Each structure stands twice: as C-alpha cells, then as structure tokens.
There are 2 protein chains.
Amino acid sequence: MSVTIKDVANAAGVSPSTVSRVINKKGVISKETEEKIYAVMKELNYVPNKTARSFASGSTMAIALVIDVTDVRAYSNNYFNNSVFGIETVAHQNGFDLIITNGRRNGIENFVEKTVLSKKVDGIILPETMAKTDFLRKLDEIDFPYVILGQPPVSHQWCNWVDINNVQGGQIAVEHLLDKGYGKIAFLSSGEKEVFNRNRIKGYQEALIKHQIPVFPDYIRHCESSLENGLTTAKEMLTGENPPDAFICSDYYLGIGVKRAVAEMGLSIPFDIGLIFFDNSPVAELVEPSITTVDIDTFGLGQQAASILINKIKDKKLNGRQTLIGTNIIERESTQRLRRSMS
Amino acid sequence: MSVTIKDVANAAGVSPSTVSRVINKKGVISKETEEKIYAVMKELNYVPNKTARSFASGSTMAIALVIDVTDVRAYSNNYFNNSVFGIETVAHQNGFDLIITNGRRNGIENFVEKTVLSKKVDGIILPETMAKTDFLRKLDEIDFPYVILGQPPVSHQWCNWVDINNVQGGQIAVEHLLDKGYGKIAFLSSGEKEVFNRNRIKGYQEALIKHQIPVFPDYIRHCESSLENGLTTAKEMLTGENPPDAFICSDYYLGIGVKRAVAEMGLSIPFDIGLIFFDNSPVAELVEPSITTVDIDTFGLGQQAASILINKIKDKKLNGRQTLIGTNIIERESTQRLRRSMS
DNA sequence: ATGAAAGCGCTAACAC
DNA sequence: GTGTTAGCGCTTTCAT
C-alpha cells in the first residue's frame with residue numbers, strides 16, 4: 001500500500017542501502033544518483049517510515065516530558081505551558097518528537113517500565129518534584145538520558161538540570177524596590193520546603209546585605225499560597241511594630257491577598273506600600289493598581305532543557321550541564337512610589 | 001543487552017509467539033504456561049519493546065495533538081492546558097501515547113509528511129483553526145483518523161469533532177443575569193468571524209427571545225480583545241441612549257475593560273451593572289468585585305476528543321461523532337444585584 | 001560509490 | 001494450546 005524504500009530503490013535503479021544513505025546523508029554518494037533518488041522520492045511521494053527507522057536504528061528520535069497530573073498547580077499555569085512550547089520547539093528543530101506523559105499514574109516504577117524501558121523515547125525531561133533519588137539511580141543504571149526541570153536532590157547534583165535563577169529573582173525584586181524608594185521589604189513565601197522559595201529568599205537576603213540593609217527574620221513569612229493567607233499575614237505584619245513598606249510575594253494569590261490587606265487598612269499601593277510578585281500572570285496587569293512582577297522566561301527554560309537533553313542523548317558522557325534562566329522585572333504601577341514616569 | 005521476547009521464551013521453555021500471545025492477551029493459553037511466562041517476565045525484568053511492536057503490528061499506539069505555536073493566544077491559556085491533560089488521561093487509559101506537535105512549522109504540507117505519512121502516530125487531534133478543507137481532504141484520501149477541536153469547515157460537517165457548547169454558554173449567561181434581576185443585557189464579542197463568538201451570540205439571542213425580551217442589534221458589539229476596547233466600547237454604550245444594565249464578554253480582557261468603564265462612570269458592579277465573562281481564569285476571582293464567569297470544561301473537551309479519536313482508530317468507519325461540552329456558571333459578586341446570599 | 005545480506009524485536013498467519 | 005515461519009521497512013556491516 002504505502003511506498004517503501006524498496007520501491008524507491010527499484011524505480012531509481014539502485015539498491016535500498018543507497019537510498020538509505022541518501023535519506024540519512026551518510027556516506028558518499030555520487031551527485032547524479034543522489035539527484036536521481038531525490039527525484040524518484042518526490043515523484044513517488046515517498047516518506048520514510050519513522051517506526052521502521054526507529055526500530056532498525058535503535059533510536060526513537062523522541063523525548064518525553066513527564067508531568068504530574070495529580071498536581072494541578074504544577075501544570076495548570078503559564079509556566080508549564082510555555083515550557084512545553086520551548087521544549088517542543090527545540091525538539092523539532094533537532095528532529096525529535098515530544099511525548100507528554102503522566103509519570104504518577106501507577107507509581108513511578110510502572111512509569112519506568114512503560115516509557116523508559118520500552119524504548120519508546122531516547123530521553124526524558126523530569127520535573128524536580130518527580131526526580132527522586134531512587135528513580136534517578138535506576139535511570140543511571142541503564143544509562144538513560146534525562147534532564148531535570150529544577151534542582152535535583154543532593155545525590156544528583158552532578159547531573160544535568162535547568163532551573164529558573166530564583167536567587168537572582170529575589171535580588172532584582174529587592175533592588176527594584178530599593179530603587180523605587182522602598183526600604184523595609186518583606187518577603188511572603190508560599191512555603192519553606194520548596195527550593196525555589198528558599199532560593200528567592202536567599203537572593204532577597206543577599207541583596208539586602210549588599211545594600212547594607214538589616215535583614216529582619218520577622219520580615220520573612222511562610223504560608224500556604226492563598227488570597228486569605230496573604231491577606232491575614234500582611235495585615236498582621238502591617239499592624240505590628242516595625243511594619244514593612246513593601247512586599248515581595250511568591251505568587252499572585254499571596255500578592256493579591258497583600259493588596260487587599262493594604263486596601264483594608266486604608267493604605268495605598270504604591271505610595272505607602274510597594275508590591276511585587278513572582279509570575280507575570282494576566283492577573284498582574286488587570287488588577288488596579290497593576291502589579292510589578294518578576295517575570296520568568298519559561299519558554300527559555302523549556303528550550304534549554306530540551307537542548308541539554310538532546311546533547312546528552314547524542315553524547316551520553318555529558319554531565320553537569322546546569323543552566324540557570326534569568327528573570328526580569330516587569331514594571332507596573334504597584335512600585336511607583338517615586339512617581340517616576342513610566343516608559 | 002536488553003532482554004527480548006526470545007529470552008523470555010527460552011527461559012520459559014516456550015516459543016516467542018506464545019509469549020507474544022500472553023503479552024497481548026490474544027488467543028488461548030493454558031493457565032500454567034501463562035503463569036510461567038508472567039513469572040519469567042518478572043524475573044528477567046522483561047519489558048516489551050514498543051518500537052518493535054509498533055513496527056510489527058503496524059499500529060503505533062500513539063496520537064498527536066497538533067498545535068499552532070505561532071498563535072500564542074491559542075495555547076497560552078487554561079483552555080489549551082487542560083485539554084492537553086484531558087487528552088493525555090484518556091490516551092493513556094487506552095494505552096496510547098500523546099505526542100505534541102507543531103503543525104504550522106513549515107506549512108501544513110510538510111506536517112502531513114512528517115507526522116502523518118511517516119506512520120509515527122495512528123491519529124491526530126486538530127484545532128479547528130488548522131482544519132482547512134484541503135488538508136482534511138488529504139487525510140480523508142489516506143483514510144487517516146482525526147478529530148477536530150472546534151467545529152469543522154462546511155465541507156467536513158460529517159466528520160468527528162468536539163466543541164464547547166457555546167450556544168448554551170450564551171444562553172446560561174443571559175439566564176443567570178435575568179435571574180439576578182438584570183434586563184438590558186449587552187454582549188461584547190471579541191470578533192464576529194469566530195464561530196465560538198457567533199454561537200455564543202446565538203445562544204444569547206435565543207435566550208432573550210425565549211424570555212420575550214427585545215433583542216437590540218446595538219447591544220451586540222464586536223471588537224478585538226483588549227482592555228482598552230472593552231473600556232471604550234462599554235463607555236460608549238453606557239453613555240448612549242438606552243444603556244444596558246449588564247454585559248456578557250467573550251473574554252476577561254474585554255470584561256475587565258467593561259469593569260473599568262463602569263467604575264470610571266461612577267456606577268457600581270453589581271448594583272447598577274451586572275458583568276459576566278467567558279473563561280474562568282484566576283483573574284475572575286481575584287479582582288474586586290469578583291466576576292461571575294461562564295466556565296468551560298476543557299479537561300472534558302480533551303477527554304472527549306481523545307476518546308472519539310481512539311474509537312475512530314479502532315473503527316475507521318466511525319464518523320459523525322459530534323460532541324458538545326456543556327458550560328456552567330461560576331457565580332461571584334459581579335452579578336449579585338439582588339443581594340441574595342451566596343453559598 | 002554502490003550492492004548484498006543480515007537483522008533489529010515483535011506479530012500473525014499457518015501448521016500441528 | 002502451542003510452535004514454526006515469514007515478514008514489517010529500515011539500517012548497517014561487509015564486500016566489491
């Protein structure tokens with residue numbers, strides 16, 4: 001039914017292996033036979049069968065992005081979304097297909113079998129939340145290429161990973177606020193276990209120290225992400241002694257909570273209080289006042305991840321590729337204490 | 001290196017075909033050999049090679065979701081996101097892998113070759129925006145399974161598709177507003193070419209007629225989606241003669257624009273003006289007042305699409321499966337004119 | 001520069 | 001019930 005390499009070979013008066021060479025641009029073929037073969041391929045509308053190629057060559061030219069569907073917050077956001085497209089873009093540029101697969105369906109064990117051992121893909125991209133030491137060790141054992149989205153457990157610091165530069169994110173948030181005339185900056189984190197929060201706080205502290213501003217432990221609060229928690233925590237801090245005059249929040253739920261708290265207390269953003277949060281969601285530009293954010297290039301994150309993985313696939317010895325993706329400030333109204341003109 | 005079906009056969013003292021039968025649960029095998037084989041498979045840690053199976057059987061057990069990376073709005077949203085997970089869920093339940101692929105890279109022509117003709121997947125899910133008649137005809141020619149996300153061009157009404165029930169969405173929006181005491185309802189659409197807008201307006205009109213409320217053509221406005229357009233259009237309508245007392249908007253950009261217009265005119269939501277928009281984004285719950293939305297079950301949309309596609313793959317004669325996914329109202333403050341207690 | 005031939009791991013007639 | 005056998009379409013030595 002469908003035209004095969006043999007048909008092309010026959011029609012062109014050559015052997016299948018010659019056609020194969022042309023397809024793969026391998027070995028040396030004379031200009032004329034090459035052209036002849038291209039012509040025949042076009043005429044016969046020949047398209048190589050990917051499955052057969054994968055089977056024969058032993059490489060699938062596909063990578064998988066593992067997701068955790070049980071964790072809605074982990075995927076139902078722009079971060080995830082844009083990473084996917086970054087990954088897809090680089091994958092296709094390199095001739096790879098992207099498979100999306102849920103890792104946590106029947107336990108990670110089962111997942112290894114189904115996707116990794118079954119030779120369906122040549123490598124995987126794994127969110128840090130699913131990169132448990134045991135699992136990684138299994139991958140190491142069979143020398144299976146992977147890259148981690150986020151920072152790996154201590155046992156695997158040597159492996160390939162890519163992450164957002166959260167330290168730098170914390171720093172530029174502080175510096176932006178200082179620049180805008182705020183001096184008593186608090187940090188509302190969505191949890192102290194998360195590495196990304198810890199790194200952001202690290203950056204926050206480093207920036208304060210660098211500018212010789214005292215770091216008050218009380219200015220760093222952890223609470224589960226929600227509007228309510230943001231609201232109550234901010235109120236508590238603002239009514240306490242030594243209230244801050246600016247807040248950096250881990251996400252927009254906490255951030256909007258802070259915004260409410262400020263409003264309920266009759267204070268003003270940005271004149272009394274500065275506000276900045278991570279994640280440049282549409283929320284930030286649509287509320288009033290609009291909120292300055294730390295924007296994260298998740299498309300770039302995905303691109304890097306895919307790029308490193310593909311290199312690893314090509315060269316199994318590749319290790320220690322550790323990329324941090326920079327963040328930047330999207331300036332909006334919530335930090336315009338100085339009433340500088342906005343560009 | 002890796003253990004094959006032959007190894008299992010040898011170790012179990014049977015032939016490869018018997019092992020194959022066990023793997024595929026095909027034909028009849030005696031209880032004892034079956035158990036024996038399972039035991040050996042476990043012991044040897046055997047995992048069937050998917051590529052080899054695909055190659056031998058001619059079916060890849062994979063489907064592709066085609067996306068359009070050039071169209072940011074088309075994918076960088078919750079709709080898309082959740083559909084992906086709906087698709088993945090059903091795919092995996094049926095043993096299929098999900099491949100994400102960009103259709104618009106080198107033209108749709110090239111795409112056909114690479115993904116469809118190369119036998120990499122057994123079927124594709126295609127957004128309506130990419131479902132051009134020419135392309136569909138090609139797929140038809142080679143009898144390649146597809147389902148369309150959204151409504152297909154007129155030439156292909158007979159094919160399988162799944163869509164949001166936008167007519168019903170328009171209806172329930174109107175009915176909710178009527179129920180809440182609003183009577184002069186306007187519709188701000190993000191474009192008159194889009195089928196989904198046309199359907200929502202259809203539902204809007206039907207609901208009005210059903211309740212014997214006059215349909216003013218002037219109450220239906222089309223403008224490109226943006227906060228500014230929402231703002232100016234709403235202002236214009238509110239300052240005109242016969243101003244509406246409620247707005248239904250195609251998306252949250254227009255919706256927030258209307259909200260601003262109402263505020264700037266010194267009117268109140270929900271007491272003077274009711275507001276409801278499509279797409280239950282976080283924006284809706286985080287602004288003040290929070291906005292009632294028409295919520296769309298895109299996870300269900302994805303599930304249905306995958307389910308239909310897989311049925312089509314199994315039974316190529318399957319056609320005309322046309323599913324509409326219902327919408328529902330998420331009630332918030334912006335439509336509480338009557339000050340009913342909220343649950 | 002090209003051809004011949006083996007084989008990748010599995011499935012599916014077809015035998016028995 | 002189970003074994004035998006012939007491919008599936010391609011890549012890849014090894015010849016020439």
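To find a chain, count down the sequence lines: A is the first, B the second, and so on, and within it residues start at 1. Quick caveat, the model's predicted, so the values are computed rather than measured.
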With a 4.0 Å cut-off on heavy atoms, is B:V14 in touch with a base, just the backbone sugar-phosphate, or nothing at all?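 It contacts sugar-phosphate atoms only.
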
Within the structure shown, what part of the strands sits under 4.0 Å from B:S30 by heavy-atom distance: base, sugar-phosphate, or nothing?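 The residue B:S30 makes sugar-phosphate contact but no base contact.
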
Would you kindly give the NZ-to-C1' distance between A:K6 and D:dC10, to the nearest whole Å? 11 Å

A:D134 vs A:K132, test: salt bridge (Lys or Arg N to Asp or Glu O under 4.0 Å). Steps then yes/no. CA-CA 6 Å; A:D134 287 358; A:K132 303 301 174 209; over 6 Å; no

Ignoring backbone atoms, test whether [X] places a side-chain nitrogen or oxygen under 4.0 Å from the OP1 or OP2 oxygen of [N].
| X | N | result |
| --- | --- | --- |
| A:T33 | C:dT2 | yes |
| B:N24 | C:dT11 | yes |
| A:K26 | D:dT11 | no |
| A:S54 | D:dC10 | no |
| B:S15 | D:dG3 | yes |
| A:K119 | C:dG9 | no |
| A:S20 | D:dT11 | yes |

Are a donor atom and an acceptor atom from the side chains of B:S15 and B:T18 found within less than 3.5 Å of each other? yes

B:F55: which residues meet the ring pair (Phe, Tyr, Trp, His ring centres under 6.0 Å) condition with it, sequence neighbours left out?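 Testing B:F55 for ring pair (Phe, Tyr, Trp, His ring centres under 6.0 Å), a comparison that skips the adjacent residues, returns A:F55.
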
Spell out yes or no: do the side chain of A:T18 and the base of C:dA1 have one donor N/O and one acceptor N/O closer than 3.5 Å?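 No such pair is found, so the answer is no.
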
Do A:I325 and A:T323 come within less than 4.5 Å of each other through their side chains, counting heavy atoms only? yes

Is any side-chain heavy atom of A:K36 closer than 4.5 Å to a side-chain heavy atom of A:E32? no

For the helix from C:dA1-D:dT16 to C:dC16-D:dG1, measure the angle between the helix axis at one end and the axis at the other, each built from five pairs, rounding to 10°.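 Comparing the axis at each end, I get an angle of 30°.
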
Polar atom pairs (N or O), protein with nucleotides 14-16 of chain D, under 3.5 Å:
none

With DNA chain C as reference, determine whether B:A52 or A:E34 sits nearer its 5' end, using the nearest nucleotide of each.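 Its nucleotide being nearer the 5' end, the pick is A:E34.
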
